[in-house]
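A quick write-up on the structure given underneath.
Below, all heavy atoms of this structure are taken into account, side chains as well, without hydrogens, waters or symmetry copies.
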Amino acid sequence: MDNDTEIFSSINESKESGEKPPSKPVRKKKKKNKKLKKYAWLIWGISVFFLSFALTVVFSFLTEVAVKDSEAFVCVLVLFILLILNITCDVLANAIMSCSPEAYHAMASKKIKGAKRAVTFCRNASKLSSIFADVIGDICGIVSGAAGAALVVHMASAGSTGKLIASILISAVIGALTVGGKALFKHFAVTFNRQIVFGFARFTTFFIKER
């Protein structure tokens with residue numbers, strides 16, 4: 001009873017003084033945040049779907065433009081670029097996944113350029129590794145098939161047997177270089193993960209400034 005009288009008296013005093021009585025905290029934002037967290041997996045999956053679709057269209061278009069009616073060395077060059085991009089993205093994914101954000105806290109406190117971005121990368125390691133390894137890596141693997149098919153046309157001069165053999169050989173070489181390159185550089189990515197993540201973070205600051 002004493003507590004109730006104190007509450008009512010404080011409300012009456014605030015009314016007399018022209019002040020607004022203490023209001024209850026608004027919980028709408030908390031409810032929205034809970035809903036967003038609950039369906040975060042769905043939002044992320046849809047985002048990856050549209051990102052993959054857009055990147056596949058862009059990569060396929062550029063590859064078709066570069067390879068169509070081109071010489072054999074152009075097809076080889078396109079395949080080489082896609083191979084390097086695929087392996088590089090896999091290295092970044094492994095480096096980010098194996099790196100800890102604590103490695104950059106001291107650098108961030110000293111306001112070293114790229115340190116805050118590196119911390120952000122490590123805190124979002126699962127999403128970034130999915131984008132680099134799964135999205136971009138798989139797209140490079142799919143699109144390289146178009147360049148490989150164009151190279152088959154140049155290599156197979158006559159008959160369906162020649163095209164079949166050339167197609168098998170090119171697919172085998174692309175697959176071996178891709179898988180072998182990822183396996184070769186995985187140890188490098190894990191061993192020098194701090195340097196790789198920091199270097200990439202600092203590189204991105206030239207395009208997007210740190211907050």
Side-chain angles (χ1 to χ4, degrees), residues 44 47-68 70-101 103-104 114 117-155 166-208:
W44 172 245
S47 302
V48 170
F49 171 80
F50 285 108
L51 178 64
S52 303
F53 180 82
L55 288 176
T56 305
V57 170
V58 172
F59 277 48
S60 299
F61 175 75
L62 294 175
T63 304
E64 288 292 337
V65 170
V67 168
K68 188 178 181 181
S70 300
E71 298 294 332
F73 77 92
V74 177
C75 300
V76 174
L77 180 63
V78 171
L79 282 170
F80 186 69
I81 292 171
L82 290 172
L83 177 66
I84 291 177
L85 182 60
N86 196 347
I87 294 174
T88 303
C89 288
D90 190 74
V91 168
L92 285 172
N94 286 313
I96 293 172
M97 281 295 292
S98 61
C99 194
S100 174
Y104 307 103
R117 185 68 52 79
V119 172
T120 304
F121 286 167
C122 293
R123 288 177 178 173
N124 297 278
S126 59
K127 291 183 179 180
L128 287 173
S129 64
S130 178
I131 290 173
F132 286 128
D134 299 330
V135 177
I136 300 178
D138 290 347
I139 289 171
C140 288
I142 294 169
V143 175
S144 61
L151 188 59
V152 168
V153 175
H154 290 286
M155 290 183 63
S167 177
I168 293 171
L169 287 175
I170 291 172
S171 299
V173 170
I174 293 172
L177 289 174
T178 303
V179 177
K182 288 181 179 181
L184 182 65
F185 286 98
K186 189 172 184 179
H187 176 74
F188 170 80
V190 175
T191 305
F192 301 98
N193 53 4
R194 294 182 181 180
Q195 294 87 339
I196 293 169
V197 174
F198 179 69
F200 179 66
R202 192 158 189 172
F203 174 74
T204 60
T205 56
F206 291 104
F207 305 97
I208 303 173

Looking only at heavy atoms, which two atoms of [X] and [Y] are closest? And how far apart?
X: Ser144; Y: Ile174; result: OG-CG2, 4.1 Å
X: Gly114; Y: Thr205; result: CA-CG2, 4.1 Å
X: Pro101; Y: Val119; result: O-CG2, 3.9 Å
X: Val197; Y: Cys99; result: CG2-CB, 4.2 Å
X: Ser60; Y: Val143; result: OG-CG2, 3.8 Å
X: Asn86; Y: Gly141; result: ND2-N, 4.1 Å

Exercise for the section: With sequence neighbours left out, write down each residue that passes ring-ring contact (aromatic ring centres under 6.0 Å, His included) with Phe207, or none if nothing qualifies. Expected result: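 Scan of Phe207 (ring-ring contact (aromatic ring centres under 6.0 Å, His included), adjacent residues dropped) gives Phe203.
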Would you indicate whether the side-chain heavy atoms of [Y] and [X] approach each other to under 4.5 Å?
X: Leu92; Y: Ile196; value: yes
X: Phe59; Y: Leu85; value: yes
X: Phe121; Y: Tyr104; value: no

Measuring from [X]:[atom1] to [Y]:[atom2], what's the distance to the nearest 0.5 Å?
X: Ile87; Y: Leu82; atom1: CD1; atom2: CG; answer: 11.0 Å
X: Thr120; Y: Leu128; atom1: OG1; atom2: CG; answer: 9.5 Å
X: Leu55; Y: Ile142; atom1: CG; atom2: CD1; answer: 11.5 Å

Problem - Donor-acceptor under 3.5 Å (Asn94 side chain, Ala189 main chain) - result: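 No: the side chain of Asn94 does not pair with the backbone of Ala189.
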Problem - Heavy-atom donor-acceptor pair, Ser129 side chain to Ser126 backbone, under 3.5 Å - result: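 Yes, Ser129 side chain to Ser126 backbone: donor-acceptor pair under 3.5 Å.
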Exercise for the section: Specify whether Phe53 and Phe49 have parallel, tilted or perpendicular ring planes, treating 30° as the upper limit for parallel and 60° as the lower limit for perpendicular. Expected result: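 The arrangement is parallel - the two ring planes meet at less than 30°.
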Practice task
For a side-chain contact (heavy atoms from CB on, under 4.5 Å) with Ile81, tell me which candidate from Ile84, Leu77, Leu79 qualifies.
Solution key: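 Option passing the side-chain contact (heavy atoms from CB on, under 4.5 Å) with Ile81: Leu77.
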Practice task
Identify which one of Thr88, Val78, Thr178 satisfies the side-chain contact (heavy atoms from CB on, under 4.5 Å) criterion when paired with Leu83.
Solution key: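 In the set Thr88, Val78, Thr178, the residue that makes a side-chain contact (heavy atoms from CB on, under 4.5 Å) with Leu83 is Thr178.
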Problem - Donor-acceptor pair between Thr204 and Arg117 side chains, under 3.5 angstrom - result: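 Side chains of Thr204 and Arg117: pair found under 3.5 Å.
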Handout entry: Ile208 atom CD1: more than 12 heavy-atom contacts under 6.0 Å
Key =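 No.
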Exercise for the section: Sequence neighbours left out, what passes side chain to side chain contact (heavy atoms under 4.5 Å, CB included) with Ser130? Give chain and number order. Expected result: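 Once residues adjacent in sequence are excluded, the partners of Ser130 under the side chain to side chain contact (heavy atoms under 4.5 Å, CB included) criterion are Trp44, Asp134.
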